[in-house]
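Down below is the structure, laid out as structure tokens.
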Amino acid sequence: MTQTLILISFVAYLAVMIYIGYYYGKQKTSNSSEFYLGGRQLGPLVAAMSAEASDMSSWLLMGIPGLAFITGLADPFWTVLGLGIGTYLNWLFVTRRLRRYTIRVGAVTIPEFFSKRFHDKKNILMCISAIVILIFFVPYTASGFKAVGTLLNSLFGFPYHESMIVGAIIIVAYTVMGGFMAVSTTDLIQSIVMTIALIVIVIFGLEKAGGIDVVISNAEKLPGYLDVFAMHDKAGSTSTPYGWLTIVSTMAWGLGYFGMPHILLRFMAIKNEEQIPLSRRIATVWVFISMFVAIAIGIIGYSVAQAGIIPDFMTTSDAERTIIELSNILAQYGIFAALVAGIVLAGILACTMSTADSQLLTAASSFSENILQDVMHVKVSPKTSMIIARITIAIIACVAVYLAWNPENSIFNIVAFAWAGFGAAFGPVMLASLFWKRTTLQGAICGMVAGGIMVFVWKYMVRPMGGAWDLYELLPAFIVSAAAIIIVSLCTEKPSDDINEEFDYAKE
């Protein structure tokens with residue numbers, strides 16, 4: 001009976017998502033601009049919550065709690081603090097100028113903006129940007145599909161691979177039907193469901209753990225568990241120092257926001273500039289609260305495990321099931337509780353879908369609009385362009401399913417790498433494009449390439465050396481990219497008067 005009620009909640013939720021895609025597919029997607037930006041008609045609430053829901057992928061309800069469960073407070077605390085600050089600064093500095101600039105130059109995608117910002121007639125920067133998006137969005141999307149497979153496998157005992165494929169099909173279905181407005185509207189709904197999930201699980205988890213005093217008492221018994229300057233080692237029941245270099249490295253997560261295409265697209269789609277301050281306040285408050293509550297779920301989950309109610313996980317990938325296990329326990333308390341548990345578990349699906357759909361849409365626009373039409377100069381009608389975009393979404397989803405085939409991969413680790421890739425390749429270029437008039441095309445190209453390559457170099461060659469080199473790859477890659485932009489721009493010819501005029505218009 002319990003499983004049936006949870007399944008009913010799931011099916012109802014998924015039916016609503018697909019209907020929204022169908023509705024906007026019939027009403028709102030007459031051309032590619034509508035499909036990718038929704039005609040720039042996002043209101044303040046939808047813009048804020050869509051941006052943040054598309055940001056908070058499965059790592060919000062699974063990744064962060066799993067990390068807190070295993071390592072304690074320090075690692076997730078500094079990550080969350082950096083992300084919260086990054087969210088606020090991104091809304092404060094980037095939103096208005098990016099919206100104005102993209103309207104002035106007529107850009108509907110991030111690669112197109114970069115190209116038109118520097119009057120790149122050969123579309124070299126656009127091609128590189130589109131390739132970066134395809135490279136890093138595929139594994140990012142794969143992390144979402146993995147979360148769906150893990151969720152359905154843990155809940156209903158469905159085979160992991162079949163569950164993942166079904167989830168991918170549903171996400172692709174409403175994305176290809178409705179485009180940007182369908183994605184943004186479903187993101188708003190999904191952010192509400194995610195919020196409900198966080199509140200319900202924290203309250204229920206505290207009750208099963210025996211109250212806040214028991215949670216704190218259990219945590220204090222573990223070396224470094226509640227210390228923001230030390231990290232708990234569960235395997236050896238010891239702690240290691242969390243120094244300032246590590247803190248700076250971890251907080252560097254916040255730098256990633258300046259280069260996230262699926263978030264930046266929301267800034268471009270806001271209806272009018274006067275709504276931006278309200279959107280900024282809504283987004284920042286929600287991000288801080290939701291992420292700190294996610295940390296609390298992990299710490300509370302440890303106490304629930306000590307009570308013998310859920311398993312005492314030993315690895316981060318296993319601990320990412322904490323909220324699933326708590327929801328399963330909740331569902332055993334009657335019909336109403338089972339329905340609420342279904343909503344909570346739909347929240348996990350929501351945070352996964354809200355990111356995966358945005359990533360698929362952005363990746364599709366990079367191929368069909370930027371690579372195929374702008375770089376390869378294949379002339380197609382607006383209707384054909386939309387068909388190509390939808391086919392691209394399906395192909396990317398298939399590749400992501402392949403990458404997510406191994407259920408043992410950690411969601412948090414997959415997201416961390418993709419996040420670093422976008423932050424380093426796009427972040428410095430975006431900031432320089434909007435705030436430094438002297439930036440040149442050559443500087444932007446070198447910065448983007450240097451940042452993207454350094455993510456791989458640091459991740460697989462430098463960081464394994466350990467010690468002082470054990471830094472999150474986003475920080476050194478971001479610095480290298482910024483340095484390349486500055487040095488190459490100063491060594492090349494100044495931008496033309498036309499480029500400077502457009503820059504001045506955007507900064508007013």
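Basis for what follows: all heavy atoms, side chains included, without hydrogens, waters or symmetry-related copies.
Contact annotation: the side chain of Thr250 approaches that of Tyr242 to within less than 4.5 Å [non-hydrogen atoms, C-beta and beyond]. Contact of the Ile199 side chain with the Val293 side chain is not registered, since no non-hydrogen atoms from C-beta on lie closer than 4.5 Å. A 4.5 Å side-chain heavy-atom check between His119 and Leu441 finds every atom pair outside the cut-off. Residues Phe118 and Leu125 form a side-chain contact, since some pair of their non-hydrogen atoms from C-beta on lies under 4.5 Å apart. At a threshold of 4.5 Å between non-hydrogen side-chain atoms, the residues Met291 and Leu83 count as touching. Within the 4.5 Å cutoff, side-chain heavy atoms of Met430 are placed close to those of Leu98. Considering only heavy atoms from C-beta on, Leu81 comes within 4.5 Å of Phe288 through its side chain.
The pair Lys437-Glu501 does not meet the salt-bridge criterion, since no charged nitrogen lies less than 4.0 angstrom from a carboxylate oxygen.
A distance of 10.0 Å separates CE in Met260 from CG in Leu255, rounded to the nearest 0.5 Å. Ile289 CD1 to Leu198 CG: the interatomic distance, rounded to the nearest 0.5 Å, is 10.5 Å.
Across Leu475 and Ser249, no two heavy atoms sit closer than the pair CD2-CA, 4.0 Å. Smallest separation of non-hydrogen atoms from Gly451 and Ser481: CA-CB, 3.8 Å. Leu434 and Arg97 get closest at one heavy-atom pair: O-NH1, 2.6 Å. Closest non-hydrogen pair, Ala506 versus Tyr101, comes out as CB-CD1, 3.4 Å. Residues Met268 and Arg99 come closest through the heavy atom pair O-CG, 4.1 Å. Across every non-hydrogen atom of Leu474 and Ala252, the tightest pair is CD2-O, 3.0 Å.
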Steps toward side-chain contact (heavy atoms from CB on, under 4.5 Å) verdict (Ile453, Trp458):
CA-CA 9 Å; Ile453 291 176; Trp458 198 275; over 6 Å; no

I'd like to know whether Thr87 forms a side-chain hydrogen bond (donor to acceptor under 3.5 Å, both in side chains) with Tyr257, so could you lay out the CA-CA distance, the side-chain angles of the two residues, the decisive distance to 0.1 Å, and finally the verdict.
CA-CA 7 Å; Thr87 296; Tyr257 278 109; 3.2 Å; yes

Please walk me through it: do Glu273 and Arg96 pass salt bridge (Lys or Arg N to Asp or Glu O under 4.0 Å)?
CA-CA 6 Å; Glu273 294 181 9; Arg96 190 184 305 273; 3.2 Å; yes

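For Trp419 and Phe136, the distance between ring centers is not under 6.0 angstrom. For Phe456 and Phe417, the distance between ring centers is under 6.0 angstrom. Aromatic rings from Phe503 and Trp436 are positioned such that their centres are separated by 6.0 Å or more. Phe258 has its ring centre no less than 6.0 Å from the ring centre of Phe426.
Other residues, nucleotides and ligands contribute at most 12 non-hydrogen atoms within 6.0 Å of the CH2 atom of Trp469.
Listed for the Ser290 side chain is a donor-acceptor partner under 3.5 Å among the backbone atoms of Val287.
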